Amino acid sequence: MPCHSALMDNVVVAKPETEVEKILADMRKKKARLCVVVDEGGALLGYLDMQVLLKNLLPVSLSVQVPGKSSDMMVGAAPGIAKRLRKVKPVAVTNVMERKFYSVLPNTPIWEGVEMLVEHGSPIFVLDEGTENYVGAIDESTAIAELERMQDKPEGMELHG
């Protein structure tokens, strides 16, 4: 089976200028774990998920000199993280989205998609072969669900393409 048969069905699609707060509301409403950011032509620019959002909220590491010791320590900022979330919400998603991503073509065999998930984690994006426009995304749970569907098919009845 190809990767396009294992696409996530609960993905929010947004334009780069969409505010993070609207995206979070749309994700809650749709019970989505992923927001993809596409340009006017449908090309994938990046994505936002909760891990990417949380990464944007963490304080930066500061190098602190202590007499007799040299150590790196994080700024103690639990209230600061909540304040940063408040500041991130009205910002356009293009300012916080992850721009590095891994992709496959729609007809890439599912085993290659699984291999990429193991190596790079999720999501793995499925992009159109001709235009490289966003088609969908797969994650560990959709890949496993597709493998389970494959188990239920009688021998020799695999679909192609």
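Just so we're clear, the structure is a prediction, and the values are computed from it rather than from any experiment. These numbers come from the heavy atoms of this one structure, side chains and all, not from hydrogens, waters or symmetry mates.
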Participant: What heavy-atom pair brings Leu48 and Leu53 nearest, and what distance separates the two atoms?
Facilitator: CD1-N, 4.0 Å

Participant: Are Leu44 and Met116 connected in the hydrophobic side-chain network, where two residues link if heavy atoms are under 4.5 Å apart?
Facilitator: no

Participant: Which residue pairs pass the salt bridge (Lys or Arg N to Asp or Glu O under 4.0 Å) test when at least one of the two sits in residues 134-143, sequence neighbours left out?
Facilitator: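 Listed by first then second residue: Arg33-Asp139.
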
Participant: Okay, side chain of Thr131, backbone of Asp128: is any donor-acceptor separation there less than 3.5 Å?
Facilitator: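 The answer is no, because no donor-acceptor pair under 3.5 Å joins these two groups.
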
Participant: Starting from Met27, can I reach Val91 by hopping between I/L/V/M/F/W/Y residues whose side chains sit under 4.5 Å apart?
Facilitator: no

Participant: More than 12 heavy atoms of other residues, nucleotides or ligands under 6.0 Å from CD of Gln51: yes or no?
Facilitator: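 Open.
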
Participant: Pro123 and Asp49: which non-hydrogen atoms are nearest, and at how many Å?
Facilitator: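 Looking at all heavy atoms of both residues, the shortest contact is CD-OD2, 4.3 Å.
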
Participant: What residue pairs, at least two apart or across chains, pass ring-ring contact (aromatic ring centres under 6.0 Å, His included) with a residue in residues 126-147?
Facilitator: none

Participant: If I compare all heavy atoms of Ala6 with all of Ile138, which pair ends up nearest, and what's the gap?
Facilitator: O-CG2, 3.0 Å

Participant: Is any side-chain heavy atom of Asn10 closer than 4.5 Å to one of Met8?
Facilitator: yes

Participant: Between Leu57 and Ile23, is there shared hydrophobic-cluster membership here, with clusters defined by ILVMFWY side-chain heavy atoms closer than 4.5 Å?
Facilitator: yes

Participant: Can you give me the closest heavy-atom contact between Val52 and Val96, atom names plus distance?
Facilitator: CG1-O, 3.4 Å

Participant: Which atom pair, heavy atoms only, marks the closest approach of Val126 to Cys3?
Facilitator: CG2-CB, 4.4 Å

Participant: Does atom CD of Glu132 have more than 12 heavy-atom neighbours from other groups under 6.0 Å away?
Facilitator: no

Participant: Taking Gly46's backbone N and O only, do any of them form a donor-acceptor pair with Arg99's side chain (distance below 3.5 Å, no angle check)?
Facilitator: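 Side chain of Arg99 to backbone of Gly46: no pair is present.
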
Participant: Going by an N to O cut-off under 4.0 Å, is there a salt bridge joining Asp26 and Lys22?
Facilitator: yes

Participant: Is Leu7 linked to Val104 within one hydrophobic cluster, defined over Ile, Leu, Val, Met, Phe, Trp and Tyr using a side-chain heavy-atom separation of less than 4.5 Å?
Facilitator: yes

Participant: Check the pair Ile144 / Glu148 against side-chain contact (heavy atoms from CB on, under 4.5 Å), numbers first and verdict last.
Facilitator: CA-CA 6 Å; Ile144 289 172; Glu148 288 175 333; 4.1 Å; yes

Participant: So, does Glu98 use its side chain to make a donor-acceptor pair with the main chain of Lys100 at under 3.5 Å?
Facilitator: yes

Participant: Gly41 and Asn133: which non-hydrogen atoms are nearest, and at how many Å?
Facilitator: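 So the minimum-distance heavy-atom pair works out to O-ND2, 2.9 Å.
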
Participant: Do Tyr47 and Leu54 share a hydrophobic cluster, counting only Ile, Leu, Val, Met, Phe, Trp and Tyr and linking them when any side-chain heavy atoms are less than 4.5 Å apart?
Facilitator: yes

